Amino acid sequence: MNTNYIEELNESQCAAVTYNDGPSLVIAGAGSGKTRVLTYKIAYLLEQENGYNPWNILALTFTNKAAREMKERIARQVGMERARYLWMGTFHSIFSRILRAEAQYIGFTSQFTIYDTADSKSLLRSIIKEMGLDEKTYKPGVVQARISNAKNHLVTPTGYAANKEAYEGDMAAKMPAIRDIYTRYWDRCRQAGAMDFDDLLVYTYILFRDFPEVLARYRDQFRYVLVDEYQDTNYAQHSIVLQLTKENQRVCVVGDDAQSIYSFRGADIDNILYFTKIYPNTKVFKLEQNYRSTQTIVCAANSLIEKNERQIRKAVFSEKEKGEPIGVFQAYSDVEEGDIVANKIAELRREYRYGYADFAILYRTNAQSRIFEEALRKRSIPYKIYGGLSFYQRKEIKDVIAYFRLVVNPNDEEAFKRIINYPARGIGDTTVGKIISAATDHGVSLWAALCEPLTYGLDINKGTHAKLQGFRELIESFIVDQADKNAYEMGTNIIRQSGIINDVCQDTSPENLSRKENIEELVNGINDFCALRQEEGNPNVSLTDFLSEIALLTDQDSDKADDGEKITLMTVHSAKGLEFKNVFVVGLEENLFPSGMVGDSPRALEEERRLFYVAITRAEEHCYLSFAKTRFRYGKMEFGSPSRFLRDIDVHYLQLPHEAGVSRAVDEGAGRFRASLQQHPKAQIIAPSVPRNLKKVSTVSPSNGAQATSSTSASVAGVQAGQMIEHERFGLGEVIKVEGTGDNAKATIHFKNAGDKQLLLRFARFKVVE
DNA sequence: CCGATACGCATTTTT
DNA sequence: TGCGTATCGG
């Protein structure tokens, strides 16, 4: 069933989809169907006569979510059999896959650890200490940012040391030792068999640069490369894409320069602005019809972004109704701002019968959320907050994961330091310090030093020695276990035998309870993961598999199809790519939005303006802007003035204040309300100790592995095409076909919400619905 | 090795 | 203000 591209796409979309003779740049205005173009384009490439095989296509995104959604949409068009072989994923996940396969070329093993930003900061902190540098001058965060910046520009320690500009910059910042820190950091990561997020890019670049035969292999495989959100790529990403595509020029990048808001993470808007200079034969397509917002919203956003100097000019338009003007609210205080917004939401709900999920409150900084939480809670309006700690960043989870990491890669320094004395086993900082210096003196990993204390001249007493060897034996026993245990069995084992369970179960204080629940949730997660992989036909799911899966996962990904009817509270950054019927952009004050950090940098100011542009263009039907004249910040009352951005929007599209008549509520309660703040949203989805209704997973019983849980397998035997089933994870779906028999029986199922999947019936957990 | 207290500091965060 | 880290005392 070939897609009818002309009918389902508008003219410019269609042109962008069907042009594939050379490099192309698709400038996709907000709400213009960017993802649609990308998915149709890939489908088109697959469906053409003599078209591409799925494994010939590399599609890079920035989030796992985007990759997953796109893959599902493509699967709907060309079928899962083909879609599953596409190379589609984030830069980081695709590159880590390549690096694991080619690890030996660059002196790593395929088990290398991925350090997250906390790991890398912690390593930097200890390096700074070891070097005897002043931690006030060399703040780990600042040092980390500089090193990250260097890596994003593909500057290695050698290059950095030789780089005059960098050194002068460091001198000016009174941090001449950064180049030495960088060198040590680099070596220590290698010693630990670890890469940080930036390294995944740097080493991929180096791999391709230094081993032309490897590059040739991938270049030949990836006959077409597509990149989403190109405005957010950094120099390293740009360079790798160039390595892969310079020769055959089959590359298509999609993005919107007006939505480039991640320069603080190294994104370089010049990549998109000058793409046509790098690929001189680029054909440029502009998607200018906005299908999301009313004309008023689109025009207002246009009038705003027009004030930016650096951009690719385009004329975004909407053919939806004109809509209402953008309302501007002035509040006397931050608290009143919360009241105004909450009241307006209630009013809109009454007037238009909107659901709660149709509303979003967007702010510049996370700190602003509290005021709105309070206002909404006072009125019993349900809401959910995005942001804050992700599941995998919680301390207790990181502790458990550290065990996993050390078992998979004993050289992992950060994991080692984290658990050498957790749970407490009498190995203090002094001992760890000795291990570190012995290890660095001899150029070996901490683990190596621990295993052979004599060889590396570790000066410790008998008792300590015994404790260290006890730890070694513990980890080694886990390493041995790996051979015949799957991730779930390993996980439960480790938690029990390491003493974590005891530690957590000891006291029954409320916050400890949540720690326990989190660990249970993690165990459930491992179980789910194993089950899922088994359903997909991979019987042996190792701890390594689980680790490489979660290293690059973020909270946003664990898409808990949960909480429906709630108002969304989030930063503008995290709202990118989303849309809501009604959007409130709040805190439009100087020094807040635009952020006070922009100083007098025009580039930074323009980025703030783009951020505001992103915020406004999230709205489909109604958009409101608000500011407060006073606001509590850092414990003090501050006076603010309306954001200059309010004047950037053509007044023609605005409905100006409205001295909203809510001032009665003024500052009553401006004091504190911290006591009763709602828990982190994550808490709501954490499994209660009693397993979830559909699920039948025991976190306690041993040896229950991830084998099919009993209740379902009986009904599974007689599954046939045409039946409706309900899967524990994917929900409702229709059986398309069943192939194979016995243990190999496999069903293709079309899920309403999860797309097409092929599941091994032996493991599949679902029941037939009448 | 843990707890209490002091200090400093503070955007945004796709990986 | 309120959190996370640093430091000191038991």
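Below, chains carry the letters A, B, ... as their sequence lines are ordered, and counting in each starts from 1. Just so you know, these numbers use all the heavy atoms, side chains as well, and skip hydrogens, waters and symmetry mates. It should be emphasised that the depicted structure is a prediction, and the values quoted were computed from it without experimental measurement.
- Atom CG in Asn234(A) sits roughly 15 Å away from atom P in dT14(B) (whole-Å rounding).
- In this entry the distance linking CG of Leu201(A) with P of dT14(B) reads 16 Å, nearest Å.
- Counting non-hydrogen atoms under 4.0 angstrom, Asn421(A) reaches the backbone sugars and phosphates but no base.
- Comparing atom distances between the Ala424(A) side chain and each of dC3(C), dC2(B), dA6(C) picks out dC2(B) as nearest.
- At a threshold of 4.0 angstrom between heavy atoms, the contacts of Gly577(A) with the nucleic acid are absent.
- Counting only residues at least two apart or on different chains, no ring-ring contact (aromatic ring centres under 6.0 Å, His included) pair has a member in residues 114-156 of chain A.
- dT11(B) takes the syn form, because its glycosidic angle lies no more than 90° either side of 0.
- Taking atom CG of residue Asp256(A) and atom P of nucleotide dT14(B), one finds them 20 Å apart after rounding to whole Å.
- Protein atom NZ of Lys467(A) is 11 Å distant from nucleotide atom C1' of dC1(B), rounded to whole Å.
- Rounding to whole angstrom units, CZ of residue Phe91(A) and P of dT15(B) are separated by 13 Å.
- Between Ile550(A) and Tyr392(A) the shortest heavy-atom distance is CG2-OH, 3.6 Å.
- Glu590(A) and Ser641(A) are not linked by any side-chain donor-acceptor pair at a separation below 3.5 angstrom, with hydrogens and angles left out of the test.
- Under the 3.5 Å distance criterion, with hydrogens and angles disregarded, a donor-acceptor pair is assigned to the side chains of Lys417(A) and Ser126(A).
- The side chain of Thr63(A) lies closest to dT15(B), out of dT15(B), dG2(C), dA6(C).
- Residue pairs that meet the side-chain hydrogen bond (donor to acceptor under 3.5 Å, both in side chains) test with at least one member in residues 192-201 of chain A, sequence neighbours left out, are Ser148(A)-Asp198(A), Lys151(A)-Asp196(A), Lys151(A)-Asp199(A), Asn152(A)-Asp198(A), Tyr185(A)-Asp196(A).
- One atom, CZ of Arg425(A), and another, C1' of dC2(B), lie 17 Å apart when rounded to the nearest Å.
- Here the P atom of nucleotide dT14(B) and the CG atom of Asp198(A) are 15 Å apart, to the nearest Å.
- Between the CZ atom of Phe197(A) and the P atom of dT15(B) there is a distance of 8 Å, given to the nearest Å.
- Between Phe208(A) and Tyr218(A), the two ring planes are tilted [angle within 30° to 60°].
- Of the two residues near DNA chain B, Asp429(A) and Asp232(A), the one whose nearest nucleotide lies more 5' is Asp429(A).
- Residue contacts for Ile427(A): at a heavy-atom cut-off of 4.0 Å it reaches the sugar-phosphate backbone alone, with no base atom in range.
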Taking only nitrogen or oxygen atoms into account, show me every contact under 3.5 Å that the protein makes with nucleotides 6-13 of chain B, one pair per line with its distance.
{"residue": "dT12(B)", "atom": "OP1", "partner": "Asn366(A)", "partner atom": "N", "Å": "3.0"}
{"residue": "dT12(B)", "atom": "O4'", "partner": "Arg364(A)", "partner atom": "NH2", "Å": "3.0"}
{"residue": "dT12(B)", "atom": "N1", "partner": "Arg364(A)", "partner atom": "NH2", "Å": "3.4"}
{"residue": "dT12(B)", "atom": "O2", "partner": "Arg364(A)", "partner atom": "NH2", "Å": "2.4"}
{"residue": "dT13(B)", "atom": "OP1", "partner": "Thr571(A)", "partner atom": "OG1", "Å": "2.5"}
{"residue": "dT13(B)", "atom": "OP2", "partner": "Asn366(A)", "partner atom": "OD1", "Å": "2.9"}
{"residue": "dT13(B)", "atom": "O2", "partner": "Arg265(A)", "partner atom": "NH1", "Å": "2.6"}

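- Looking at Gln144(A) and Thr117(A), their side chains never bring a donor and an acceptor atom within 3.5 Å of each other.
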